[in-house]
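Naming: A, B, ... by sequence-line order, numbering from 1 per chain. Only this structure's heavy atoms are used, side chains among them; waters, hydrogens and symmetry mates stay out.
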Protein chains: 2
Amino acid sequence: MDRRQTTQRTLVLSAVTDQLEHPTAQQVYDKIHEDFPGIGKATVYRNLNLLADEGKLLKIEGIEGPVHFDSTLKTHSHLECKVCNKVIDVDFTIDGEVFENIERTTGFGDLNRNIVISGICPDCLKTVLDGKE
Amino acid sequence: MDRRQTTQRTLVLSAVTDQLEHPTAQQVYDKIHEDFPGIGKATVYRNLNLLADEGKLLKIEGIEGPVHFDSTLKTHSHLECKVCNKVIDVDFTIDGEVFENIERTTGFGDLNRNIVISGICPDCLKTVLDGKE
DNA sequence: GTGCCTGCAAATGTTTTGCAAACCT
DNA sequence: AGGTTTGCAAAACATTTGCAGGCAC
């Protein structure tokens with residue numbers, strides 16, 4: 001199954017790598033739509049998944065709400081704000097030995113080293129403390 | 001907002017605590033439906049969320065596909081099979097010091113100690129290795 | 001020219017919500 | 001009685017899929 005280089009594919013990749021930070025499919029769609037109104041949402045979804053399969057993007061799953069994408073390929077984890085849904089990188093990984101131990105005791109394999117931890121971001125913390133709303 | 005004790009509410013709680021392991025809302029619904037066909041799916045969803053809010057159940061989020069629920073309230077983590085969607089407990093938590101460090105450097109607060117790690121369960125590993133399918 | 005890709009619309013799957021009737025206390 | 005809760009259907013939301021036409025190679 002050989003891949004073709006289409007305008008849409010290029011735009012999707014560049015939106016994630018050059019223009020946005022941890023965007024969702026919707027945000028990628030909106031961004032591209034500004035300059036290229038003809039693009040269809042299904043095309044964005046298809047290309048994001050395809051690029052993630054090829055290893056050119058990282059799919060951040062395990063988040064409440066829509067999936068986010070990341071152009072940083074190195075293993076790292078993410079913090080997700082449960083209030084505003086923002087996602088940030090955090091330079092933390094679970095020790096390799098711990099993973100091996102989990103795999104050994106549970107029989108699970110192929111564990112995903114990119115984990116997601118949810119919490120409340122600084123901005124939303126402020127709001128919560130202030131207005132209690 | 002005082003709560004009332006209804007048949008449905010009791011059935012939902014008992015389905016998760018006594019009858020099923022890490023069920024999804026659908027599985028809870030199916031189970032209860034066997035003996036109590038009148039129950040509505042919205043009622044199951046409403047009660048699961050309500051019981052989780054009250055702290056009587058744990059909502060396992062950060063999973064691909066439907067949310068699961070857990071009757072084990074103590075802090076622990078979960079392994080999720082990305083093939084068959086099964087969820088199992090794993091007696092592992094990230095070191096408290098690490099969490100504090102993340103909170104300090106990122107400004108995030110209220111981090112969720114119950115994390116989800118996805119991988120492939122023993123049964124599905126077997127299938128993958130065998131049939132390559 | 002072949003067949004991968006696109007855009008559109010419709011379908012899917014999970015969860016939430018509006019509403020009138022029923023029920024708990 | 002009064003407010004909560006229920007069941008149903010419809011809505012909401014994210015994502016996938018079927019299909020006919022278009023484009024890359």
Using a cut-off of under 3.5 Å, enumerate the N/O to N/O pairs linking the protein to nucleotides 22-25 of chain C.
{"residue": "dC24(C)", "atom": "O2", "partner": "R4(B)", "partner atom": "NH1", "Å": "2.9"}
{"residue": "dT25(C)", "atom": "OP1", "partner": "Q5(B)", "partner atom": "N", "Å": "3.3"}

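- Here H78(A) and H22(A) bring their ring centres to under 6.0 angstrom of each other.
- The shortest distance between the side-chain N/O atoms of Y45(B) and the OP1/OP2 oxygens of dT15(C) is below 4.0 Å.
- Of the charged side-chain nitrogens involved, none lies within less than 4.0 Å of a carboxylate oxygen, so that K31(B) and D18(B) do not count as a salt-bridged pair.
- Base contact: R46(A) has a heavy atom under 4.0 Å from a base atom.
- The shortest distance between side-chain heavy atoms of L48(A) and V16(A) falls below 4.5 Å.
- Closest to the side chain of K41(B), from the set dT15(C), dG18(D), dT5(D), is dT15(C).
- With hydrogens and angles left out, the side-chain atoms of S118(A) and E64(A) include no donor and acceptor closer than 3.5 Å.
- Comparing dT6(D), dT15(C), dT17(C) by their closest approach to the side chain of A42(B) singles out dT17(C).
- As judged by a 4.0 angstrom heavy-atom cut-off over every strand, G65(A) is placed among residues making no nucleic acid contact.
- Between K82(B) and D110(A) a salt bridge is recorded (basic side-chain N to carboxylate O distance below 4.0 Å).
- Between N49(A) and dT16(D), a side-chain N or O to OP1/OP2 separation shorter than 4.0 Å is present.
- Counting to the nearest Å, the C1' atom of dT16(C) and the NZ atom of K59(B) are 10 Å from each other.
- Taking the six-membered ring where tryptophan is involved, the planes of H33(A) and Y29(A) are tilted, since the angle between them lies from 30° to 60°.
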